[in-house]
Amino acid sequence: MKRTILKGALMLVGGVLLGTLLMIAVYAIPAEWVWENVRASAQTLADEGLRYEVIDGYHASRLDDYTDAIMIGNALLTTDNPTESAMTARRFAGGDPIGTMQRYLDGENMPTESYARYWHGYLVALKPLLTVMNLNSIRVLNMYVQLALVLLVAALMVRRGLSRYLPALFAAYASLCPAAVMQSLQYSTAFYVAFGAMAVLLAADGRLNDSLFFMAVGMLTSFVDFLTYPIATLGLPLVLHTNCAGRGKREKLFGLSDCVRLCACWGAGYAGMWSGKWLVAALLTGQNVFAQAGSAMGNRLGAVDDSGDALSLLTGVQENLRIMFNPLTILMLLGVLAVCGALWMRSGKRLNIRRLPPVLFCAALPFMWYMVLLNHSAEHAFFTYRALCVTLFAGVSMTIPGRKAET
């Protein structure tokens with residue numbers, strides 16, 4: 001235990017240092033290299049507008065072009081000091097980042113403000129891509145890579161003898177509204193971390209230190225993600241880990257205490273990496289980033305919405321359930337459950353009762369998240385609903401019968 005804690009501390013320090021170096025390297029790329037592709041991307045976002053839905057009238061497919069504009073704009077705003085630029089991550093000030101970015105590209109002197117509380121690690125991939133392609137091409141690339149990653153996870157599940165959990169994987173993936181995730185930079189970060197973590201977990205085949213692995217996943221989430229649906233990067237691999245564990249007679253059953261331990265490891269990585277950015281930025285720039293971040297976090301944890309109206313503890317839960325469980329998602333889920341029912345009839349209706357507590361705990365993770373980040377979950381339910389993919393993955397997994405060795 002002490003050795004694992006020491007390794008975790010060293011990994012966290014190393015992650016903060018590596019993240020700092022990567023961000024400085026990214027901000028050293030001249031803005032001129034991305035200028036024309038940013039201009040084309042800004043026009044695409046302007047044509048769509050801030051409330052664009054990939055499938056018109058289907059609210060679960062709404063893009064967050066507001067945040068995508070910030071992400072692309074951050075690739076453009078570079079000073080002569082890459083270190084300062086990397087730590088402050090300046091963005092265009094004002095209520096419409098798309099219009100502001102277009103006016104800046106047209107030569108107007110637009111005001112900017114610090115956005116130092118996030119790492120903005122997505123720029124490690126986004127800015128080099130913008131040197132050779134615009135947003136439309138990135139979306140096509142996203143489509144191919146995300147489909148390939150899902151197929152890889154499915155193939156690895158089959159190889160590990162977990163093919164009976166493929167309906168649960170399908171339900172989780174379909175609930176994300178893949179058509180929107182493929183087209184959104186903002187939604188893609190958590191997706192890549194969650195499904196990438198599942199692929200690594202399956203490929204490692206039990207050879208990883210699970211505590212350090214989940215800590216690393218939390219760190220990577222904090223590095224690349226805004227506050228989208230980060231709990232999915234914990235919940236999806238955790239449900240998969242639960243499904244993998246205890247399959248053989250000699251394997252230790254994965255219990256509720258193990259779930260809590262790995263959640264704590266993920267949380268330590270997530271919070272430690274995030275606060276590490278605040279510390280490094282404060283040291284290198286002299287800004288009081290802790291105060292800026294604390295103010296923003298206090299707002300997102302608050303029990304009032306952005307208009308000042310009071311929120312109940314369950315408001316975030318209700319809003320996210322409303323977006324997630326639309327008629328199409330319910331129809332998809334009924335189809336998946338029908339497949340699971342057929343599996344039960346074929347298997348003789350065996351149920352591993354001992355596996356239920358950790359899976360139920362995983363299913364509850366999004367609800368805990370919504371109640372803690374009450375303001376954020378209520379105000380941004382149009383994308384935070386995707387955290388419920390964890391609940392679907394866990395819930396459908398519970399409806400799938402285990403093998404004889406598991407019962």
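Along the sequence shown, residues are numbered consecutively beginning with 1.
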Report the distance from atom CD of Q183 to atom CG of D64, rounding to the nearest 0.5 Å. 13.5 Å
Check: M157 main-chain N/O paired with R160 side-chain donor or acceptor under 3.5 Å: no
So do L238 and F214 actually touch side chain to side chain, heavy atoms under 4.5 Å? yes
Please determine whether the number of non-hydrogen atoms from other residues, nucleotides or ligands lying under 6.0 Å from atom CG of D106 exceeds 12. yes
If I take atom OH from residue Y165 and atom SG from residue C340, how far apart are they, to the nearest 0.5 angstrom? 10.5 Å
Testing C244, P358, C362, C259 for side-chain contact (heavy atoms from CB on, under 4.5 Å) with V239, which one passes? C362
Establish, yes or no, whether the cationic atom of R386 lies under 6.0 Å from the six-membered ring centre of Y187 and within 45° of the ring axis. yes
For A89 and N74, work out which heavy atoms get closest and say how close. O-OD1, 4.2 Å
For the CG atom of N136 and the CD atom of Q43, what is their distance to the nearest 0.5 Å? 10.5 Å
Distance from Y58 atom OH to I323 atom CD1, nearest 0.5 Å? 10.0 Å
Would R51 and D65 count as a salt bridge (Lys or Arg N to Asp or Glu O under 4.0 Å) if you check the C-alpha gap in whole Å, the side-chain angles of each, and the deciding distance to 0.1 Å? CA-CA 7 Å; R51 301 183 68 86; D65 281 353; over 6 Å; no
Residues W369 and T384: side-chain donor-acceptor under 3.5 angstrom: no
Would you sort out whether L212 and K7 count as a side-chain contact (heavy atoms from CB on, under 4.5 Å), showing the intermediate values? CA-CA 8 Å; L212 295 179; K7 287 181 178 179; 4.0 Å; yes
Quick one: sort the Y173 and F195 rings into parallel, tilted or perpendicular, breaks at 30° and 60°. perpendicular
Output field: ring centroids H59/F382 closer than 6.0 Å: no
For E113 and R90, what are the C-alpha separation, side-chain angles and deciding distance, and is it a salt bridge (Lys or Arg N to Asp or Glu O under 4.0 Å)? CA-CA 5 Å; E113 61 186 3; R90 301 197 70 81; over 6 Å; no
With salt bridge (Lys or Arg N to Asp or Glu O under 4.0 Å) as the criterion, how do E32 and R39 come out once you've worked through the C-alpha distance, each side chain's angles and the decisive distance to 0.1 Å? CA-CA 11 Å; E32 292 78 11; R39 183 187 294 277; over 6 Å; no
For H376 together with Y370, are the ring centres under 6.0 Å from each other? no
How far apart are the closest heavy atoms of L202 and R159, and which atoms are they? O-NH2, 4.2 Å
Any donor-acceptor N/O pair, H120 side chain to Y115 backbone, under 3.5 Å: yes
Got V153 and V150 here, is their nearest side-chain heavy-atom distance under 4.5 Å? no
What's the spacing between E84 CD and Q287 CD if we round to 0.5 Å? 7.5 Å
Do any N or O atoms from the side chain of N326 and from the backbone of M324 form a donor-acceptor pair under 3.5 angstrom? yes
If we ignore hydrogens and angles and just use 3.5 Å, is the side chain of E53 paired with the main-chain N or O of G57 as donor and acceptor? yes
Just grab all the ring pair (Phe, Tyr, Trp, His ring centres under 6.0 Å) pairs involving residues 279-337, residues at least two apart or on different chains. W278-F290
When you check the side-chain N and O atoms of N320 and Y229, is any donor under 3.5 Å from an acceptor? no
State whether the side chain of T391 and the backbone N or O of A363 hold a donor-acceptor pair below 3.5 Å, judged by distance alone. yes
Side chains of Y52 and D47: closer than 4.5 Å at any heavy-atom pair? no
Test M133 against V140 for side-chain contact (heavy atoms from CB on, under 4.5 Å), laying out the working first. CA-CA 11 Å; M133 63 180 71; V140 174; over 6 Å; no
Count the heavy atoms of every other residue, nucleotide or ligand shown that sit under 6.0 Å from CZ of F213, and state whether that count exceeds 12. yes
Heavy-atom side-chain contact between L162 and L156 under 4.5 Å: no
Are side-chain N/O atoms of Y27 and N81 paired as donor and acceptor at under 3.5 Å? no
Side chains of L76 and I72 in contact at under 4.5 Å (non-hydrogen atoms): no
Within the 4.5 Å heavy-atom criterion, are V224 and W119 side-chain neighbours or not? no
Side chains of P357 and V359: closer than 4.5 Å at any heavy-atom pair? no
Would you say the side-chain atoms of Q186 and D68 include a donor-acceptor pair closer than 3.5 Å? no
Within the side chain of T285, is there an N or O that forms a donor-acceptor pair under 3.5 Å with the backbone of A281? yes
Using the side-chain contact (heavy atoms from CB on, under 4.5 Å) definition, which of the options M11, M273, K277 pairs with V16? M273
Which class fits the ring pair F226 and Y122: parallel under 30°, tilted 30 to 60°, perpendicular over 60°? tilted
Heavy atoms of Q146 and S188 approach each other most closely as NE2-OG, 3.0 Å
Can we call the ring centroids of W274 and Y118 under 6.0 Å apart? yes
Is a side-chain donor or acceptor of Y385 paired with a backbone partner of A60 at a separation under 3.5 angstrom? yes
If we only count heavy atoms from C-beta on, is the L234 to V217 side-chain gap below 4.5 Å? no
Nearest non-hydrogen partners of F92 and T100, listed with the distance: CB-CG2, 3.5 Å
Taking all non-hydrogen atoms of both residues into account, name the closest pair between F223 and G19 and its distance. CE1-CA, 3.6 Å
Steps toward side chain to side chain donor-acceptor pair (under 3.5 Å) verdict (D225, Y192): CA-CA 10 Å; D225 189 51; Y192 281 121; over 6 Å; no
In terms of heavy-atom contacts, L365 and G235 come closest through CD1-CA, 4.2 Å
Would you confirm whether T233, through its side chain, and A194, through its main-chain N or O, come within 3.5 Å as a donor-acceptor pair? no
To the nearest 0.5 Å, tell me how far M182 CE sits from I138 CD1. 16.0 Å
Side-chain donor-acceptor pair present, T44, S41, cut-off under 3.5 Å: no
Step by step, would you call L388 with S175 a side-chain contact (heavy atoms from CB on, under 4.5 Å)? CA-CA 8 Å; L388 289 167; S175 71; over 6 Å; no
side-chain contact (heavy atoms from CB on, under 4.5 Å) between L208 and V200, worked out: CA-CA 9 Å; L208 292 171; V200 171; 4.1 Å; yes
Full working for salt bridge (Lys or Arg N to Asp or Glu O under 4.0 Å) between R261 and D258: CA-CA 5 Å; R261 171 176 57 85; D258 296 300; 3.3 Å; yes
